[in-house]
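Naming: A, B, ... by sequence-line order, numbering from 1 per chain.
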Amino acid sequence: MIAYLVRRILMLVPVFLAVSVVIFSILHFIPGDPIDNLLKIGSSPEARAEMEVRYGLDRPLPVQYGIWLSNVLRGDLGTAIVARRPVADLIAQALPHSLALGGLALLFSTVAGVGLGVIAALNRDRWPDRAIMGGVLLGSTMPSFWLGLILMLVFSVWLGWLPVSGARSWTALVLPVLTIGLGGTALVARITRVSMIEASGRDFVTLLHAKGLSPLRIQLGHVLRHALIPVVTILALRIGWILGGAVTVEVVFARPGLGTLLIKSLSQHDYPVVQACLLMLAMAVMLGTLLGDILQAVMDPRVRAALA
Amino acid sequence: MTPPPLIRIEGLSKRFQSGGGLFAPERKMWAVRDLSLAIGRGEALGVVGESGCGKSTLARLVLRLIEPTAGRIIFDGTEITALSPAALRRMRRRMAMVFQDPYSSLDPRYTVTQVLAEPFRIQRQPLPAGAIAALLASVGLPDALAESHPHQLSGGQRQRVGIARALALHPEFVVLDEPTASLDVSIQAQIIALLADLRDRMGLTYLFISHDLGLVRYFCQRIVVMYLGAVVEVLPDTAAAPRHPYTEALMQSGFAPDPGRRRSVVPLTGEIPSPFALPPGCAFAGRCPRVTDRCRAERPLLSGDGGHPVACFHPL
Amino acid sequence: MMAWPAPLRALGHPMGGLAGGWLLLVAAAAVLAPFLTPYAYDVQDLPQAYQPASAAHWLGTDEFGRDLLTRLIYGARTSLSVSAAAIAVSVLCGMVLGAAAAWFGGWPDRAVTVAVDLTWSFPEILIALILVAIIGPGTTGVMVAIAVAYLAQFTRLTRAQIMTLKGETFVEAARCLGAGTGHILFRHLLPNALAPVLVSAMLATGDAIILEATLGFFGLGAQPPVPSWGGMMSAGSALVFKAPWVIIFPGLAVAITVVAINLYGDALIAELDIRQKLRRTA
Amino acid sequence: MTALLQLEAVSVAIGTVPLLDGIGLSLERGRILGLVGESGSGKSLTAMAAMGLLPLIGGRVTGGAVRFDGQDIGAMTDAQRRALRGGRIGFVTQNPMTALDPVQRIGEQVDVVSRLHLGLSHRAARARTLELLTRLRIPEAEAVAEAWPHQLSGGMKQRIVIAMALAGEPELIIADEPTTALDVTVQAQIIQILGALVRDRGLALLLITHDMGVVAQVCDRVAVLYAGRLAEEGPVGPIFAAPAHPYTAALIGCIPQDGMAKGALRGIPGAVPSALAFPPGCRFHPRCPRASDLCHRIAPLPTPRAEGRVACHHASPPPEGQP
């Protein structure tokens with residue numbers, strides 16, 4: 001297991017390198033001169049020259065990448081063009097907001113999704129199942145920014161229960177978490193239900209019934225445990241999907257997180273910040289899949305055996 | 001002078017590898033190890049063994065559906081292990097195979113007619129008028145099924161379609177890979193009777209793969225017994241008494257449908273070892289009642305005296 | 001026995017019929033937009049701005065006094081055609097990539113798999129945002145962005161389907177008869193992989209409509225005055241307070257259409273009997 | 001002696017499709033009853049009915065009664081039925097590869113039965129589990145109890161399944177094709193284990209199989225099912241010596257035997273009909289060499305013959321010297 005862990009973490013290195021190459025090259029794909037993209041319009045020739053040296057822009061691309069990567073690894077993410085501050089500072093400000101939002105949304109999706117999925121599976125093809133699956137379908141087909149706006153309209157404007165936007169108090173987190181979480185809940189509920197129904201039909205479940213165990217104990221003690229394995233796998237793979245929802249929802253609720261920073265920087269062509277935001281999101285995705293793989297190995301001895 | 005065999009297999013071996021990536025350690029096994037055989041024209045040669053003995057790998061190697069690691073296969077004087085891909089494809093009209101699983105051996109999108117026309121299309125031969133009807137009749141299927149899809153047929157009917165497809169181009173040699181293992185006994189007997197009729201009518205040569213020694217003894221003239229990739233015994237005729245303890249155990253394990261002949265057999269203890277971790281000596285040593293130290297240290301080779309070869313230091 | 005093709009039989013399901021009806025209605029409205037709408041989509045009428053629903057304007061008017069229903073119908077044109085075209089391109093490329101990876105195996109397969117797994121774990125919206133930033137906003141940019149964002153999904157699905165089919169005995173049987181690569185690929189593997197891939201493409205079109213709307217919401221989609229469902233909502237939260245209907249109706253159009261696509265897709269999956277095939281790669 | 005398990009004209013349907021039609025069987029302590037037939041004959045469904053597990057597959061008993069030790073299982077509460085299952089009735093499934101929960105250790109899966117049905121503590125249950133494993137000649141029982149299912153071979157798993165069936169001190173074991181998925185040499189081991197259990201412990205065994213050879217070797221009585229109906233039932237010896245029902249005779253004739261003439265194996269023409277299209281009259285008549293006009297119209301009822309029963313209008317007469 002420990003050998004596996006080490007190997008699995010080592011696996012992240014090539015993935016990180018691949019991702020960093022992609023993120024690095026974005027700057028060079030964007031139309032226009034990279035220096036123009038890195039500088040404010042109308043900067044002095046001295047500033048241009050300094051920038052060229054700093055990023056090694058007169059050197060071949062692989063060297064430039066090396067310089068950039070070593071800077072990144074030392075925590076130097078460059079200077080924001082618009083804000084004229086170190087990018088690292090901007091990220092440090094935004095990250096906690098996004099972590100809180102993403103983490104809570106993930107928690108909400110998992111708990112609500114598994115709960116609803118279990119209820120639906122236990123009442124298969126009866127009205128609770130139909131109602132939940134109908135709600136789940138609706139929840140996954142509404143654009144998240146729109147859902148956010150509607151929730152805002154209902155709970156903040158009409159009912160006045162919750163703040164409209166911002167990040168001044170914890171109550172401001174409720175609507176964004178709900179907005180992102182509903183999409184995630186739909187995903188988790190659907191997988192939980194399907195995996196539970198599928199697991200219920202397996203041979204070993206028949207044998208559990210034949211051993212005289214009560215149906216509830218079989219469903220919650222054995223079937224659910226199996227159903228959670230694919231739930232964890234897919235959740236880990238799709239962690240980025242939930243974070244992606246966070247990007248748009250942050251903008252809707254004007255929360256000062258990574259998503260808002262990313263969208264703002266994209267529209268302002270502030271590419272050092274864009275690169276840094278993408279790097280953070282990529283790291284979150286990578287850590288998510290790592291966590292998912294570890295959880296899977298913990299939950300399933302067959303996975304452990306295949307790794308040994 | 002005996003006529004030359006239709007198929008000659010010399011020193012055939014196949015090694016499989018798995019893993020070897022970042023996540024799994026590399027594992028190697030010999031699915032078939034140093035196997036030599038000859039099949040005479042018109043003969044039905046049986047191959048029996050339990051799971052993991054390499055009999056299905058052998059079936060695919062003989063037709064070069066998978067590439068051998070070592071060894072040669074000579075079909076009617078042509079070394080098919082040395083043929084170019086194009087020449088091999090042309091050669092395939094002379095040999096055919098019937099598969100174990102009648103459910104996945106037919107493309108679910110094809111009608112019976114399309115299945116039976118496929119060999120002609122692949123070998124770029126004109127489809128003779130009435131050929132489909134003749135094929136259906138030869139395997140005892142009614143014309144009415146010609147436009148059916150596989151999912152509308154029973155298991156036995158599908159297997160008949162599979163046999164008709166194999167025989168469409170009048171091959172000389174047919175490999176039968178457990179053709180009845182997924183069928184009910186009543187249908188198994190039908191299919192066996194059909195295969196016997198076809199052999200007589202078309203002068204076919206069969207390589208019949210099965211786990212059922214009783215069935216092979218009924219259907220074949222000569223029987224090869226395999227255990228973990230190697231031939232342990234070749235029974236020259238169906239009445240021959242077993243000489244290898246494993247063959248003996250296989251015979252004892254069959255249940256005769258006769259309550260008058262109940263015997264209290266002592267079944268083999270232990271189970272087939274993993275082919276990935278074979279013992280150095282005889283592969284059967286761990287389960288053999290006649291085992292000695294020599295068996296554990298040294299691998300017995302197939303040696304034939306009196307036309308009844310056996311790979312055992314202590315034959316019965 | 002199977003007189004009707006599956007897409008028509010799916011209409012016979014209660015939900016499938018309702019959903020299919022809605023989709024046909026929306027498609028017809030989009031095609032016939034100029035004949036159906038009493039107003040022009042781009043003529044501003046500022047005195048009429050922010051009108052709630054009325055007899056003259058069934059769904060009200062937007063911040064420039066343009067008729068919302070008219071713009072919604074024209075918006076369907078943009079949103080549906082952009083999404084469908086993008087997915088079509090994506091499916092084609094994905095099938096080629098996935099089939100090639102599965103067929104050749106070895107390092108090309110490993111390269112494709114790693115690339116696909118990597119992209120698949122990133123949210124489509126992020127991939128699309130970056131691509132639009134590179135290509136520039138507008139329908140072309142959005143189309144390319146959606147196509148690339150979903151490429152991983154179709155490559156993955158096609159690869160998985162072909163890998164499973166490659167192991168089927170009927171493929172081995174064809175090889176045994178002397179079939180070459182072309183015959184096996186085009187007469188066995190691809191025809192059998194087609195149904196699940198196409199159905200999942202249809203379902204993905206629903207997701208693409210949402211993605212298109214989101215990009216439009218950020219002002220990156222079809223550029224004004226051409227309406228798209230997302231673009232109509234791009235004025236964003238400011239309008240929620242002043243004229244919620246401007247936001248509500250385009251969003252509803254998206255949600256109902258996507259629900260309809262999913263319901264019809266479910267009926268189609270049931271008719272084609274491919275639920276198992278799709279689940280294996282979900 | 002009263003029967004331990006008695007099926008009284010049991011009919012079963014799944015949804016609206018009738019699958020079993022008036023099956024009558026009885027099994028006494030210390031006996032092995034073989035239940036044979038081709039796939040689609042209703043063997044496994046009979047086992048599910050006897051276990052009271054039909055609801056799992058959407059089925060229900062539509063007529064007759066299943067009695068265990070004189071009590072009607074259908075009239076029991078769910079809790080009473082659960083107490084029987086795993087307790088007085090043990091079950092062995094067809095495919096040991098999928099019968100065990102892959103994410104639970106072997107020992108716990110066996111322990112739970114004696115804890116549930118015998119009220120044993122964790123510790124006592126484990127001691128009992130180890131004793132059972134040892135008695136089933138599983139080497140290194142303690143290591144096996146700590147192992148995961150994927151670490152064991154098929155034959156070993158089937159012994160674990162048998163150990164689970166035995167853990168609740170059952171009086172009856174129902175084994176549904178317990179050897180079909182195993183290699184031939186391992187099949188012989190498992191059949192021998194099951195036979196020994198009946199002999200040594202006086203259990204009753206309902207052995208479901210498609211293999212007439214297995215029946216001939218270990219069973220006391222045999223019941224032959226065809227298309228959801230009982231064709232013939234009786235003691236093994238007379239039935240194999242002189243089967244009365246043409247289907248029984250044909251089934252026995254389908255097994256290749258030593259000294260069988262080439263061409264003697266012909267099989268039974270046609271195939272088992274689908275439950276959606278059972279033929280009228282005797283369901284075997286389309287495949288039957290003795291079928292007459294009567295068979296097309298009227299279904300034969302099981303009638304006593306020798307020490308058993310046969311449902312055929314043209315049953316072979318019993319051999320000389322028997323009633």
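Annotation: the span from D/Thr209 atom OG1 to B/Phe255 atom CZ amounts to 9.0 Å, rounded to 0.5 Å. Annotation: the span from D/Cys254 atom SG to B/Ile192 atom CD1 amounts to 11.5 Å, rounded to 0.5 Å. Here the CZ atom belonging to D/Arg266 is positioned 14.0 Å from the OG atom belonging to B/Ser186, to the nearest 0.5 angstrom.
Residues D/Phe240 and B/Asp258 are not in side-chain contact: their nearest non-hydrogen atoms beyond the backbone lie 4.5 Å or more apart. B/His211 places none of its side-chain heavy atoms less than 4.5 Å from the side chain of D/Asp183.
Of the two parts of D/Glu38, the backbone and the side chain both hold a non-hydrogen atom closer than 4.5 Å to a non-hydrogen atom of chain B. Neither the backbone nor the side chain of D/Ile239 comes within contact range of chain B; no heavy atom of the residue lies under 4.5 Å from a heavy atom of that chain.
Between B/Glu50 and D/Val184 the shortest heavy-atom distance is OE2-N, 3.5 Å. Here the shortest heavy-atom pairing between D/Ile255 and B/Pro257 reads CD1-CB, 3.8 Å. The two residues B/Pro259 and D/Gly237 have their closest heavy-atom pair at CG-CA, 4.1 Å. Taking every heavy atom of both residues into account, D/Thr185 and B/Ser253 meet most closely at CA-OG, 3.6 Å. Of all heavy-atom pairs spanning B/Ala256 and D/Ala216, the tightest one is O-CB, 3.6 Å.
Counted within 6.0 Å of CZ on D/Arg309, heavy atoms from surrounding residues, nucleotides or ligands total more than 12; the atom is thus considered enclosed.
Between chain B and the options D/Val214, D/Val215, D/Ile252, the largest number of non-hydrogen pairs under 4.5 Å is found for D/Val214. Among B/Asp197, B/Leu213, B/Leu194, the residue making the largest number of heavy-atom pairs under 4.5 Å with chain D is B/Asp197. The choice from D/Ala264, D/Cys219, D/Ser39 that makes the most heavy-atom pairs within less than 4.5 Å of chain B is D/Ser39.
Under a 3.5 Å cut-off, the side chain of B/Gln190 and the backbone N or O of D/Gly270 do form a donor-acceptor pair.
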